[in-house]
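The block underneath contains the structure these notes are about, expressed in structure tokens.
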2 protein chains.
Amino acid sequence: MLGKDYEAQDCSLARALEVIGERWTLLILRDAFFGVRRFNDFHVHLDIPKAVLSDRLSGLVEDGILEREPDPEHAGRHLYELTAAGRDLWPALHALLVWGDHHRAPNSRVFKHASCGTPLDDHGDCATCGMTPAPQDILTEPHRGRRALRHDPVATVLRAPHRLLEPIET
Amino acid sequence: MLGKDYEAQDCSLARALEVIGERWTLLILRDAFFGVRRFNDFHVHLDIPKAVLSDRLSGLVEDGILEREPDPEHAGRHLYELTAAGRDLWPALHALLVWGDHHRAPNSRVFKHASCGTPLDDHGDCATCGMTPAPQDILTEPHRGRRALRHDPVATVLRAPHRLLEPIET
DNA sequence: ACCGTGGGTTCACTGATTGAACTCGTCTGC
DNA sequence: GCAGACGAGTTCAATCAGTGAACCCACGGT
């Protein structure tokens with residue numbers, strides 16, 4: 001989003017939008033929840049210009065949403081992981097996914113409670129267990145019968161069922 | 001948000017962002033939930049350039065989020081009201097408000113279940129009644145003891161407790 | 001007829017995004 | 001030990017979106 005601040009607005013929504021309101025930011029965070037952690041994985045999966053990705057990632061790190069740490073397996077590389085504040089964005093992200101699923105792209109992806117397999121309702125709740133699973137207890141996979149649009153390595157990996165926040169291997 | 005589409009992303013989040021991801025859009029919708037319906041009220045409350053406001057309002061109408069109808073009291077004027085699809089965005093908006101409230105601007109605004117007065121929890125639920133009130137059953141007011149930043153007529157009206165979606169009088 | 005207000009549109013300026021090209025440090029294979 | 005590939009950026013010109021001031025028109029009141 002252009003001009004990232006809304007300082008004249010005295011409202012917690014305006015403050016939230018200053019963090020996640022810019023173009024690409026929420027898609028980056030979606031991928032982060034799906035387990036993407038490397039610069040190049042974000043890049044190939046999102047078709048985002050590297051300059052913008054670089055800018056967004058450092059902005060998110062600065063805002064305390066992501067943490068950048070050295071990759072133990074590859075000298076000179078980094079991993080971007082969600083902080084606690086970043087993980088707290090899951091309900092908002094899920095609500096938007098649900099809205100898009102209802103009104104624009106039906107049945108694109110399924111979220112289930114990992115411990116019992118029940119699909120989450122629109123509220124993000126597990127009806128069987130009567131609770132709201134945290135992201136790390138949610139299993140996700142694309143809806144069956146869906147034709148894949150993307151064929152990059154990250155999209156392929158994300159087509160297998162896996163837990164949110166669990167790092168993907170490419 | 002710049003460049004409004006994310007067509008390469010096969011994801012309901014991308015579709016949702018094409019609708020509400022542009023700069024100002026979510027603040028316009030917040031005001032719509034708060035009862036703002038007239039072009040000028042949005043304009044004085046948001047400090048948004050008229051050209052952008054005009055563009056966003058017609059975009060939201062085109063996307064089926066708002067409905068533009070003639071103002072019965074003033075010939076030649078219009079009212080913008082949320083459609084059912086627009087009202088369905090409330091959970092996402094509320095989740096972002098909650099996040100901003102927790103992490104950026106504590107205690108900015110209170111939401112209560114209109115029928116029992118219980119403040120909603122972070123999930124948007126009423127603990128007393130064990131349900132999730134729809135927007136029209138939610139009462140909102142600024143948090144007490146908060147100093148007002150804005151002094152336009154719309155901000156003044158919004159400082160009084162009122163139900164979501166209930167048209168404001170300026 | 002004149003003025004003020006609401007609801008826009010137009011336009012020049014500024015700032016953000018894009019994508020291609022370039023850099024620099026590691027790793028991999030020979 | 002060196003060449004080439006790869007990951008992770010940075011730089012830069014062209015393009016596109018947002019900004020705000022100025023302008024326009026319709027209506028209502030005096």
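Because the structure is a prediction, the values reported are computed rather than measured. Every chain is numbered from 1 and lettered A, B, ... according to where its sequence line falls, protein lines coming before strand lines.
Panel note: side chain A:T83, backbone A:G64; a donor-acceptor pair is recorded below 3.5 Å.
At a threshold of 4.0 Å, the pair A:R163-A:D137 counts as salt-bridged, since one of the basic side-chain nitrogens sits closer than that to a carboxylate oxygen.
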Short heteroatom pairs, N/O only, protein and nucleotides 7-10 of chain D, under 3.5 Å:
from	atom 1	to	atom 2	distance (Å)
D:dG7	OP2	A:N40	ND2	3.4
D:dA8	OP2	A:N40	N	2.7
D:dA8	N7	A:K50	NZ	3.4
D:dG9	OP1	A:R68	NH1	3.1
D:dG9	OP2	A:Y80	OH	2.9
D:dG9	N7	A:K50	NZ	3.0
D:dG9	O6	A:K50	NZ	2.7
D:dT10	OP2	A:S54	OG	2.7

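Nucleotide D:dG20 holds its C1' atom 12 Å from the CG atom of B:D47, rounded to whole Å. Atom-to-atom, CG of B:L53 to C1' of C:dG6 comes out at 12 Å; the value is rounded to the nearest Å. As a whole-Å value, the separation of B:H45 NE2 from C:dG7 C1' is 19 Å. Remark: P of C:dG7 and CZ of B:R37 are 11 Å apart, rounded to the nearest angstrom. B:L46 places its CG atom 15 Å from the P atom of D:dG18, with the value rounded to the nearest Å. One atom, NE2 of A:H74, and another, P of C:dT28, lie 8 Å apart when rounded to the nearest Å. Atom-to-atom, CZ of B:F42 to P of C:dG6 comes out at 15 Å; the value is rounded to the nearest Å. Rounded to whole angstrom, the span from the NE2 atom of A:H43 across to the C1' atom of C:dA20 amounts to 11 Å.
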As a quick check of understanding, evaluate side-chain contact (heavy atoms from CB on, under 4.5 Å) for A:F42 and A:I48, giving each step before the final call. CA-CA 8 Å; A:F42 286 110; A:I48 176 178; 5.6 Å; no

Apply side-chain contact (heavy atoms from CB on, under 4.5 Å) to A:L29 and A:L60, showing your working. CA-CA 9 Å; A:L29 291 177; A:L60 288 167; 4.1 Å; yes

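Between the NE2 atom in A:H45 and the CZ atom in A:R150 there is a gap of 5.5 Å [rounded to 0.5 Å].
Residue A:P49 places its side chain closer to C:dG19 than to any other of D:dG18, C:dT17, C:dG19.
Within the structure, the ring pair (Phe, Tyr, Trp, His ring centres under 6.0 Å) test picks out the following pairs touching residues 101-128 of chain B (sequence neighbours left out): A:H123-B:H123, B:W90-B:F111, B:H94-B:F111, B:W99-B:H103.
Regarding contacts with the backbone of D:dT19, a side-chain N or O of B:W24 is found under 4.0 angstrom from either OP1 or OP2.
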